[in-house]
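Working notes, beginning with the structure itself.
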Amino acid sequence: MTQTDLRATPDSFVVLVAAPWGSNAAASLLVQTYEQTWMEPLHVAWEDGQEIGEIQSGAIQIRCMIEEPIPELVDLCGTSYEPYAASEQIMLEMHTHVWRLVATGGMEAATALLKVMTALIEAGGSGAFLPQALRLHSPRTMRVLSMEPGSEQTLANIFVNAWHGEDWMRTRGLTAFGLPEIETPVTDGLNGAYFRLMDVATNMIRRGDKFPSGSQITAGPKTFSLEEGPRGPKDERVPMAGHFGVQSLVP
């Protein structure tokens with residue numbers, strides 16, 4: 001395997017885990033922690049003399065590379081569901097390596113990655129950053145959200161994010177599932193738009209497919225029509241987002 005093999009495609013899940021160790025000798029710690037946490041086998045193989053390898057979780061193959069630390073991750077602490085504790089933030093500031101994990105395979109790959117991410121955190125990792133969602137998960141977030149690793153709601157909360165701009169809010173992260181991103185006008189407050197998008201995202205992950213154009217979707221007391229988009233402003237922060245299209249939830 002080469003660094004070229006770790007290039008992300010639109011349907012790739014990419015995770016960067018900050019850690020205090022980077023030698024491939026740490027693989028034994030990962031395997032031990034994973035098997036203790038999930039009561040399942042994990043296999044890790046490294047290229048001779050390189051920090052590039054493969055992690056096998058069930059039927060899913062996860063490509064792995066150990067990289068230099070990213071000091072800027074500290075600036076993203078505010079994006080975590082569960083706030084960073086002071087000790088966790090200090091650990092993040094002191095991380096010495098980043099484990100880049102890349103996998104494809106929809107919901108099954110997302111579940112496998114979630115388990116490996118959690119094991120790395122339990123072994124001493126200090127945060128998991130998802131470039132496709134622009135979100136950093138704190139160790140506490142990973143422990144809370146991984147309690148039901150096969151849940152579509154869990155996978156949506158881990159791998160999907162949503163933010164607004166110019167009166168529209170759009171998801172980021174559904175592209176990695178091979179699904180269109182969803183956007184909606186912010187007509188009933190930011191919370192209403194956010195939970196509406198995340199509810200539809202969860203159901204799309206469960207279906208493994210998008211909803212047909214023209215579908216009527218009830219969200220709270222209102223019914224929305226799902227139309228082909230995009231209609232809101234374009235966002236360049238995640239270039240691959242929307243590779244499989246964008247749909248709009250409109251009143």
Side-chain angles (χ1 to χ4, degrees), residues 1-17 42-43 52-65 67 79 98-118 120 128-137 142 145-146 149-163 169-184 197-213 215 226 228-230 232 234-249:
M1 182 187 294
T2 66
Q3 292 190 22
T4 303
D5 297 321
L6 281 127
R7 288 182 303 183
T9 56
D11 59 347
S12 297
F13 294 97
V14 180
V15 181
L16 306 179
V17 180
L42 186 75
H43 303 283
I52 298 175
E54 294 178 353
I55 299 171
Q56 191 76 28
S57 175
I60 298 299
Q61 183 182 80
I62 300 170
R63 292 161 287 165
C64 176
M65 182 167 65
E67 301 178 330
T79 66
V98 165
W99 288 54
R100 177 182 293 269
L101 310 174
V102 181
T104 58
M107 186 174 168
E108 189 177 2
T111 302
L113 262 178
L114 170 58
K115 291 181 175 181
V116 173
M117 292 159 61
T118 302
L120 284 168
F129 175 61
L130 285 84
Q132 66 268 28
L134 284 184
R135 170 163 276 165
L136 176 71
H137 293 308
M142 291 303 306
L145 294 185
S146 64
S151 161
E152 296 90 351
Q153 184 70 62
T154 293
L155 298 180
N157 286 334
I158 289 286
F159 293 100
V160 181
N161 195 3
W163 60 81
M169 182 175 287
R170 183 184 292 182
T171 62
R172 292 293 183 273
L174 284 171
T175 297
F177 289 92
L179 298 169
E181 303 292 347
I182 306 295
E183 65 180 16
T184 192
L197 290 178
M198 293 303 288
D199 183 53
V200 174
T202 298
N203 281 283
M204 286 175 62
I205 292 172
R206 180 180 297 116
R207 284 168 51 91
D209 196 4
K210 68 178 183 179
F211 288 101
S213 179
S215 296
L226 189 67
E228 295 303 315
K234 191 173 183 180
D235 188 339
E236 300 291 349
R237 287 177 287 181
V238 185
M240 286 186 180
H243 178 85
F244 298 106
V246 177
Q247 293 182 311
S248 300
L249 275 174

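Throughout, residue positions are numbered sequentially from 1 according to the sequence presented. Remember, predicted model here, so these are calculated numbers, not experimental data.
In this structure, the separation between CG on L120 and SG on C64 is 7.5 Å, given to the nearest 0.5 Å. The line from NE2 of H43 to CD1 of I55 is 12.0 Å long, rounded to the nearest 0.5 Å. Separation of atoms CG (L226) and CD1 (I182) is listed at 5.5 Å; rounding is to 0.5 Å. One distance of note links CD of E67 with CG of L16; it measures 6.5 Å at 0.5 Å rounding. Atom CG of L134 sits about 4.0 Å away from atom CH2 of W163, to the nearest 0.5 Å. The CG atom of L249 sits 9.5 Å away from the OG atom of S215 when rounded to the nearest 0.5 Å.
Across G208 and L179, no two heavy atoms sit closer than the pair C-CD2, 4.1 Å. The nearest pair of heavy atoms linking T175 to G242 is OG1-N, 2.9 Å. Nearest heavy atom pair, residue Q132 against residue V238, reads O-CG1, 3.7 Å. M107 and L155 get closest at one heavy-atom pair: CG-CD1, 3.4 Å. Residues M198 and V160 come closest through the heavy atom pair CE-O, 3.8 Å. What you find for S12 and A176 is that their closest heavy atoms are O-CB, 3.5 Å.
Judged as a side-chain hydrogen bond (donor to acceptor under 3.5 Å, both in side chains), and not counting sequence neighbours, the contacts of R170 are E183.
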Check your understanding: Do W99 and V116 pass the side chain to side chain contact (heavy atoms under 4.5 Å, CB included) test, and can you show the C-alpha distance, the side-chain angles, and the key distance before you say yes or no?
Key -> CA-CA 11 Å; W99 288 54; V116 173; over 6 Å; no

Exercise for review: For side chain to side chain contact (heavy atoms under 4.5 Å, CB included), just list the numbers for V102 and M65, CA-CA rounded to whole Å, side-chain angles, deciding distance to a tenth of an Å, and then say yes or no.
Suggested key: CA-CA 9 Å; V102 181; M65 182 167 65; over 6 Å; no

**Study point:** Check against side chain to side chain contact (heavy atoms under 4.5 Å, CB included), L136 and F129
**Key:** CA-CA 4 Å; L136 176 71; F129 175 61; 3.9 Å; yes

Point to revise | Candidate pair V17 and M142, rule side chain to side chain contact (heavy atoms under 4.5 Å, CB included), full reasoning | key: CA-CA 11 Å; V17 180; M142 291 303 306; over 6 Å; no

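In this model, no donor atom of one side chain and acceptor atom of the other lie less than 3.5 Å apart for S213 and Q247. Side chains of T202 and E152: a donor-acceptor N/O pair is absent below 3.5 angstrom, by distance only.
In this structure, T154 contributes its side chain and P149 its backbone to no donor-acceptor pair below 3.5 Å. Judged by distance alone, with hydrogens and angles left aside, the side-chain atoms of R172 form no donor-acceptor pair with the main-chain N or O of N161 at under 3.5 Å. Formation of a donor-acceptor pair under 3.5 Å by the H137 side chain with backbone atoms of I158 is found in this model. Checked by atom type and distance alone, the side chain of Q56 pairs as donor or acceptor with a backbone atom of G58 at under 3.5 Å.
Contact check for N203 versus R206: side-chain heavy atoms found under the 4.5 Å cut-off. Side-chain contact check for I205 versus F159: every heavy-atom pair is 4.5 Å or farther apart. In this structure, L174 and F244 have side chains that are not in contact, with every pair of non-hydrogen atoms separated by 4.5 Å or more. Side-chain contact between E181 and L197: absent, with no pair of heavy atoms (C-beta onward) separated by less than 4.5 Å.
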